[in-house]
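Given the structure is predicted, the values throughout are model-derived calculations rather than measurements.
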Amino acid sequence: MSVPSYTSDDAPVPAGTTVIERASSAQDLGPKLNRTAADVVRFLLTNGEMVTATQSLGDEMIETFASDIGAEIRLVNPGEEQEAELRKILDVDADATDDEMANWPIRPPVITVMGHVDHGKTLLLDRIRSANVVDSEAGGITQHIGAYQITKDDKVLTFIDTPGHEAFTAMRARGAEATDIVVLVVAADDGVMPQTLEALDHAKAAEVPIIVAVNKMDREGADPDRVKTQLAERNLVPEEWGGDTMVIPLSAMTGDGIPDLIDSLNLVAEVEDLRASDVGRAGGVVLESHLDVGRGPVATILVERGVLRVGDPLVSGAAWGRVRALLNDQGESIEEAGPSTPVQVLGLNDVAEAGNTFVIAPSEKLANKVADTREHWLRLASLGRDASATSGGAKLEDIFEQIQAGETAMLNLIVKADMNGSLEAVTDSLRKLERDDVKLSFVSRGVGGITENDVLLAATSNATILGFNVRPDRKARELAEQEVVEIRNYEIIYKLLEDIENAMLGLLAPEFEEVVTGEAEVREIFRIPRVGAIAGCMVLSGTITRGSKVRFLREGTIIWNGAVQSLRRFKEDAREVQAGFECGVGLTDFQDLKAGDMIETYEEREIPRT
């Protein structure tokens, strides 16, 4: 019998999927489906559910009502509805078709400048944008992330200058892919240095185009060919050597070669065909943030899609607020910012965390709710982190799950040593331990102490850190504990190799062999009431043990597998009976016994891996 509908049929059903929180009341549910609370209550009463307008509804009640009016819903836990609303905004680009994306306007490329300390990254940007940034830095070293825009030949380029690559890694660790092109700065007179290699590892992990800027060509001792050779050893082969990496010689001091770099960046950007929607609510990533005494929390953000305007309700992590002011890279106040534009935002209630994404909420109320919910869960997570942390780097003892899942085991390693010679010796020795079912992946190798950068990279790439004659500093140890990254320190190379070899043996899927432990012949069958058949046997070889696995053979054919349930010598229970003695054997779930049958007991032993 069909149940009549007691809802307002003239009200349209919401298009698409409507997100509904579990345990919603009729007052909450009705308006979201273009119905009244009375509609919901009448329908449920008709279906035998006595409810009031303010009473929490079960999942089945909500789904039944939605099905009756033809609405598609998705139930979420309390506090998740607002997250789902924001996720709709973030997923707009992901749901766009190829044709729609082809019609989006071209956006400026986001270029991250990376490299070893004092190789001229900031001075290069200083020359590019014709501003003096270096003089304002403490000791001439970049202490923060700078984000700048320049215009060349009517084309806009966005640059991000990082202090090394810590922030770059932090963004990747939080899932924020904020860059389109990496410029790797290498000093021509200094060559490839440890931090250069670390920056290169991070750039490769981001899977973005890399352009090498060989800086300081004006100095004596500049040797660009040596730099190219060092880069080629790291699989970064220059174009003139038959590779696909652009290597641009230049001097940030004199300005020579900088136009060539700009042209190369424009060329790569054109090939990449970077586009983004410039309509709808804005979203992007937080590059840095700090607390200003006079202005309150200040966040430097990069808009990735949409248009950010003054007055928009912004939420990033547990921080939220209405945008009170926008400042461009020149410190000028602006009213809006489009895709690939870096701006400073004023008006947040708290300092946003660098690397977090941000999005503009439909309303200030929704932004407030989302931020409060996130703060609640972050607080709970921080309280339970020590007890339940499961993310971070890999532990040597825990990689075995890959093998159980049928995968080739991959052990990711970050190796740090005191000298290049030691580093090469450790690396070469480790490579010899590889085999078909266990592979080693060197995420990064370098000379020097274990730093926070190494820990962040290990957390991002699920790697174990090996230190040979080097130690982590205090900050690195604290961060490793926080990010659940394993650091193993060694002073003797054979001990390091022994540990890794043992770990790799643990990675291998265990192999077992069946070892026959005893054999007995059935001589006579005894039928005992309420017990069943008991085989009177003579043990021919080995030992028959109670509880051991058993195969029952008749004329050489296995007719049953099971276990020895009971074992007796005369009238006494026995734990085992050796060859040359008689015994009574009771088998689990098997009664078809005949004289002349053979009982073979066995055990599975793991074969040691070598």
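Side-chain contact check for S316 versus T357: every heavy-atom pair is 4.5 Å or farther apart. Using a 4.5 Å cut-off on side-chain heavy atoms (C-beta onward), L308 and T341 make no contact. Residues V303 and F358 are in side-chain contact: their nearest non-hydrogen atoms beyond the backbone lie under 4.5 Å apart. When side chains are defined from C-beta on, L265 counts as touching F159, because their heavy atoms get closer than 4.5 Å. Side-chain contact between I301 and L314 is present, with at least one heavy-atom pair separated by less than 4.5 Å. Residues L327 and V298 have side chains not in contact (no heavy-atom distance under 4.5 Å, counting atoms from C-beta outward). In this structure the side chain of L348 never reaches within 4.5 angstrom of the side chain of D350, judged on heavy atoms. Residues M114 and T179 have side chains not in contact (no heavy-atom distance under 4.5 Å, counting atoms from C-beta outward).
A distance of 6.5 Å separates CD of E483 from CG of L456, quoted to the nearest 0.5 Å. The line from CZ of R305 to CG of D278 is 13.5 Å long, rounded to the nearest 0.5 Å. Note that CG of N469 is 6.0 Å distant from CD of E491, once rounded to the nearest 0.5 Å. Note that CD1 of I465 and CZ of R488 are 12.5 Å apart. Values are rounded to the nearest 0.5 Å. Separation of atoms CG (L413) and OG1 (T427) is listed at 9.5 Å; rounding is to 0.5 Å. The line from CG of L184 to OG1 of T245 is 10.0 Å long, rounded to the nearest 0.5 Å.
The environment of CD in E478 is crowded: more than 12 heavy-atom neighbours from other residues, nucleotides or ligands sit within 6.0 Å. Other residues, nucleotides and ligands contribute only 12 or fewer heavy atoms inside 6.0 Å of the CZ atom of R219. Within 6.0 Å of CG in D273 there are more than 12 heavy atoms belonging to other residues, nucleotides or ligands.
Summarising the geometry of I493 relative to S429, their closest heavy-atom pair is CD1-OG, 4.3 Å, with the distance given to 0.1 Å. For A269 against I181, the heavy-atom pair with the smallest separation is N-CD1, 4.1 Å. When all heavy atoms of V185 and V113 are compared, the pair lying nearest together is CG2-CG1, 3.7 Å. Taking all atoms of both residues into account, the shortest heavy-atom contact from V485 to V455 is CG2-O, 3.8 Å. Shortest non-hydrogen contact noted between A213 and V183 is CB-CG1, 4.0 Å. Across every non-hydrogen atom of G449 and V470, the tightest pair is CA-CB, 4.1 Å.
Partners of V351 according to the side chain to side chain contact (heavy atoms under 4.5 Å, CB included) rule, which considers only residues two or more places apart in sequence or in another chain, are S289, L291, P297. With sequence neighbours left out, E272 forms a salt bridge (charged side-chain N to carboxylate O under 4.0 Å, His left out) with no residue at all. E434 meets the side-chain hydrogen bond (donor to acceptor under 3.5 Å, both in side chains) test with no other residue; sequence neighbours excluded. Scored by the side chain to side chain contact (heavy atoms under 4.5 Å, CB included) test, E270 finds K155 as partners (sequence neighbours excluded). Among residues two or more places apart in sequence or in another chain, the salt bridge (charged side-chain N to carboxylate O under 4.0 Å, His left out) test is passed with K495 by D499. Among residues two or more places apart in sequence or in another chain, the side chain to side chain contact (heavy atoms under 4.5 Å, CB included) test is passed with D154 by none. Checked against side chain to side chain contact (heavy atoms under 4.5 Å, CB included), E332 has the following partners two or more places apart in sequence or in another chain: N328, Q330. Remark: Q344 engages no residue in a side-chain hydrogen bond (donor to acceptor under 3.5 Å, both in side chains) (not counting sequence neighbours).
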Identify all side-chain donor-acceptor contacts of residues 246-259 below 3.5 Å with residues at least two apart in sequence or on another chain.
unit_1: S251; atom_1: OG; unit_2: D218; atom_2: OD1; d: 2.8
unit_1: S251; atom_1: OG; unit_2: M253; atom_2: N; d: 3.4
unit_1: S251; atom_1: OG; unit_2: T254; atom_2: N; d: 3.2
unit_1: S251; atom_1: OG; unit_2: T254; atom_2: OG1; d: 3.2
unit_1: T254; atom_1: OG1; unit_2: D256; atom_2: N; d: 3.4
unit_1: T254; atom_1: OG1; unit_2: D256; atom_2: OD2; d: 3.3

Kindly list each side-chain donor-acceptor pair under 3.5 angstrom involving residues 222-240, sequence neighbours excluded, with atom names and distances?
unit_1: D223; atom_1: OD1; unit_2: D225; atom_2: N; d: 3.4
unit_1: D223; atom_1: OD1; unit_2: R226; atom_2: N; d: 3.3
unit_1: K228; atom_1: NZ; unit_2: E240; atom_2: OE2; d: 2.5
unit_1: T229; atom_1: OG1; unit_2: D225; atom_2: O; d: 2.9
unit_1: Q230; atom_1: OE1; unit_2: V192; atom_2: N; d: 2.8

Please step through side chain to side chain contact (heavy atoms under 4.5 Å, CB included) for the pair R281 and D312, ending with a clear verdict. CA-CA 9 Å; R281 298 187 180 95; D312 285 343; over 6 Å; no
Could you go through the side chain to side chain contact (heavy atoms under 4.5 Å, CB included) check for L466 and I500 one step at a time? CA-CA 10 Å; L466 302 180; I500 298 301; 3.8 Å; yes
With side chain to side chain contact (heavy atoms under 4.5 Å, CB included) as the criterion, how do L430 and L433 come out once you've worked through the C-alpha distance, each side chain's angles and the decisive distance to 0.1 Å? CA-CA 5 Å; L430 287 172; L433 299 179; 4.1 Å; yes
Side chain to side chain contact (heavy atoms under 4.5 Å, CB included) between V345 and L326, worked out: CA-CA 5 Å; V345 174; L326 294 174; 3.7 Å; yes
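Each of P109, P339, S340, P108 was evaluated against L274; a single residue qualifies, P109, per the side-chain contact (heavy atoms from CB on, under 4.5 Å) test.
Side-chain atoms of N412 come within 3.5 Å of backbone N or O of S461 as a donor-acceptor pair.
Sorted by first and then second residue, the salt bridge (charged side-chain N to carboxylate O under 4.0 Å, His left out) pairs involving residues 453-464 (not counting sequence neighbours) are K416-D454. For residues 106-116, the pairs satisfying salt bridge (charged side-chain N to carboxylate O under 4.0 Å, His left out) are R107-D180, with sequence neighbours left out.
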